[in-house]
Every structure is written in structure tokens, then in C-alpha cells.
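One structure is given below, encoded as C-alpha cells.
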Protein chains: 2
Amino acid sequence: MTLVITSGFTFMSKASSVGRQRVIETAAMMLATRGLRGISIREVAKAAQAPLGSTYHHFPEGKSQIVIEAIEWAGERAASELKACLSTNNENGVRVFLENWRNRLSKYSFQQGCPIVAAAIENSDDDEQNIKRAVSDAFNKWQDILCDYLLEQGHNEHYAHSLSLTIISSIEGAVVLCRGYQNLQPFDAIIATIPTLIARKNSSDLRENNE
Amino acid sequence: MTLVITSGFTFMSKASSVGRQRVIETAAMMLATRGLRGISIREVAKAAQAPLGSTYHHFPEGKSQIVIEAIEWAGERAASELKACLSTNNENGVRVFLENWRNRLSKYSFQQGCPIVAAAIENSDDDEQNIKRAVSDAFNKWQDILCDYLLEQGHNEHYAHSLSLTIISSIEGAVVLCRGYQNLQPFDAIIATIPTLIARKNSSDLRENNE
DNA sequence: CACTTGTTATAACGAGTGTCATAGTGTAGC
DNA sequence: GCTACACTATGACACTCGTTATAACAAGTG
């Protein structure tokens, strides 16, 4: 339940901005745990030790604003971690990133997944096209980073595009499966298979099967 | 919104059992659309044209029973479809299954995903270890079917195990990404990459990287 | 007819939800 | 001092939620 805050985000002049930021990070954590409709502003505020009365001061658009900012923050956080892994580990970058995710999953006993996934799969009849936009923005950012990396590794553009989407899909799917299975087998599986797709530099056997 | 009922499920003697079954299938559909906490018994009953007063007659354990039976039904349904694809298409079986999923996604305009995923990622503090069990049962069934198929295709046991989990992870992840992106690119990506993992019969380059 | 049995109708309970209005607090600048 | 303003406290509104209790209904059986 305890959340370690590492961001030095400063925005306004006062100490309350760290309270605002803590609400965002707590919302992201609870989103990853319980889903979009599983969290309430009251609970987020309580967990963030922020006064409920002030959430509508910091987030005048209400819950959807909190959720969107949580998605953006989590997306940015994962993007910078991915970038760091890829730039410092060269051809093993993806594997290191996978293993980081693996460790985080077991650290939290499969209670936490990906907040962006949680926001992606819960439709509501009326509201919030903006949530979907924040979700696709996050996915897009990860894909761009991965795509650039794969191009640097010598893959052609088309394969880099497909492979980057495949990697992200596998990760997100494996996180879901691990939470269902309550063990790490799905993640260990993609750690065993995905790197072989990256290692293969010539993608000749791929082209003939495209439509 | 219209739900086509294809199952010939008979259980009790009366026509009301089709009402009961319709509640299950409607719950599965709404679960796939709005998530575990996004559905209410009242709404499911209304959508299934079943009287609210009788849901607690057919499902005395309440919402959790409805959800569990919906998961079981959806898991069984997907399992039999997967089995059919694999047995009638031999080495293209997975590809056919992927394309079926792809078509279903666009048919429902990315509104519907996988009900089992929805149930897998929403933790609640107190209740329902049984939901998690139903989820992992469904995943396990799919994995067994895929694993047997891959063994028949000539893969060794360890690779078949890893690859089957990778395939399921990729599909579930791609479904999530497609809903986020609101387009089919993620699914087209895994259709381009996954079959190459299946086509490769010798997994020699895989073994050296395992821990 | 009475009687059972499977099903439905209706109303209510307590709890939780997002949101808002209003009043109160503190602190910085004059 | 005092005003301005960012923030917080409190309580309320209208709503939905899962669940239960209780009564009614329909149909078959004796």
C-alpha cells in the first residue's frame, strides 16, 4: 500500500502541489489495482492523505481529470523507464525492461497491473473520449520509443513497426495473465520468446505472409 | 447491442432456463464492454430482458455467481472456437483464430474486449477468490489446447509451453491496445509476427537464453 | 378444491457514488 | 492592521449499487 514518490515535480509555489501530485500518483496506483470504476475520489483522497474538499480545487473537472492526469503520468513514467533501459543496455534493452516489469509484478503480489490497460478496457456509454485519447497517447509514445530502437538495431521499418506493437501487446497481455494465474509463468514465457523476434535481423520470412 | 444466442444449453425443464442462460451471456458481453465494476445486476437483467426479481432466484449467490458463470461460459466458448480453428486448419490454425478475433474486434467497433481480462485486472479488497479461479481456469484451458497443438506441430515441450503463453498474452494485449488505439494496427502486428514464432520448428536459439 | 413448486413483482435497506455550495482557514502582500 | 487568494472542511443532493423480504402469480398434482 505504501507508495514511494520519486518525482520532483514542482508546479506551483506551494507545498500543496506535492499533495496534488500525490493524488495523481495514488490514483494511478489504485487504477492499476482496482480498475477505472473501482476507485472513488473519496478513496483516492484518503489514500493520498489529501483532503477530499480540495480535490475539486486542484481538479475542477472532477474524476475524469484525475484519471486522465494519472494515465498521462503513468505513461510518461513507463516511457522514460523504457527509454533508459534501451539506451543503456543496447541489444539487451528490451530484456532488461521485461525483467524490471517481472520483478515489479511479483513485488506487488500480482495485485497491481497497468493503469493504462485498466482505463482502456472500460467503456462507458456517455463520457470521456478524452480518456481514450490519453490511453492511445501513452501507447503511442511507448511504440515510438521501441520503434526507433528497433530501427537502430538494424530492422526494416515495417518489421520495426509490427514488432514494437507485438512487444507492447505481449507485455500488457502477460501482465493480465500473471494476475489471473497469480504466478510469473506468462511473463517468463514472453521473456523466453520475444527476444528471439528481436534478435532476428532479417525478416525475409515475414514478408510473404502479409496481406 | 443485439446478442445472438447460439447455445442449446438446457438444464431445467422449463423455458425459463433460456432466460437464465441469456443473463449469463448478456453478463459476459457487458463484462467485455464495461468491466467488472461497470456492470450492475439491474442493467444486466434489463439488457437480457429478464426480470430483476428472478436473478436472485437463478443466482442465489448474487453478482459474483453471475460473473463467475459468465467467465466460465465465455472461456468455454473461446476454447471450443480455438479448438475448431486448430483442428481444421492445421499449420494455419492460429492464424485463422487470430483473424476471427480481428474481425470480431472491428465488428463491434472496439467496444468489446475479453470478459476474462476484465475480470482478471480488477482487484477488490475483500471478495471473490472464486473469480480469480474461474479466470485462471479459462486461461489454462486455452493454454492446454494451444500447447497440445504446438506439440503436434513438432515443437518441443518447453518451447510449446512458452509459445502458447506468449500467443495468449499477445492476443489479450493486442485486444487491449486495439481498444485504446481504436484501430486494428496492434492486431495486424501480431498476425504478422506470431506466426513466425510458430513456423520455426527448431528452437535451438531459444535454449541458450533461458535462466 | 387445496397444495406445492418455480418464478416474478415490488418496495425497501444501508451504503457508496460524483458533484456542488458554502463557509472557514491560513498566509502573503500592502 | 487588512484585504486577497489559495486551500480546506463540512454537509448536502440526487443517484446507483447489491441485497433482502415479502407478497403475488402460474402451473401442475393430489
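Chain naming here is simple, since letters A, B, ... match the order of the sequence lines and numbering starts at 1 in each.
Legend: salt bridge (Lys or Arg N to Asp or Glu O under 4.0 Å) pairs involving residues 135-150 of chain A, not counting sequence neighbours, sorted by first then second residue: A:E76-A:K141, A:R133-A:D137.
Rounded to the nearest 0.5 angstrom, A:C178 SG and A:D188 CG are separated by 7.5 Å.
Considering only side-chain atoms of B:R42, the nucleotide from D:dT19, C:dT19, C:dT8 that sits closest is D:dT19.
Across the protein-nucleic acid pair, B:R37 atom CZ and D:dT16 atom P stand 19 Å apart, rounded to whole Å. Rounded to an integer number of Å, the gap from B:R34 CZ to D:dC17 P is 9 Å. Taking atom CE of residue A:M30 and atom C1' of nucleotide C:dT17, one finds them 14 Å apart after rounding to whole Å.
In this structure, the side chain of B:W142 does not engage the main chain of B:S164 through any donor-acceptor pair within 3.5 Å. In terms of modelled atom types and a separation under 3.5 Å, the side chain of B:R179 and the main chain of B:L105 share no donor-acceptor contact. A:R37 places no side-chain N or O within donor-acceptor distance of the main-chain N or O of B:R37, the cut-off being under 3.5 Å.
The end-to-end axis angle of the helix from C:dC1-D:dG30 to C:dC30-D:dG1, rounded to 10 degrees and based on five pairs per end, is 20°.
Note on A:I39: only backbone sugar-phosphate atoms sit closer than 4.0 angstrom, heavy atoms only; bases stay farther off.
Projected onto DNA chain C by closest heavy-atom contact, B:G53 and A:I41 fall at different nucleotides, the more 5' of which corresponds to B:G53.
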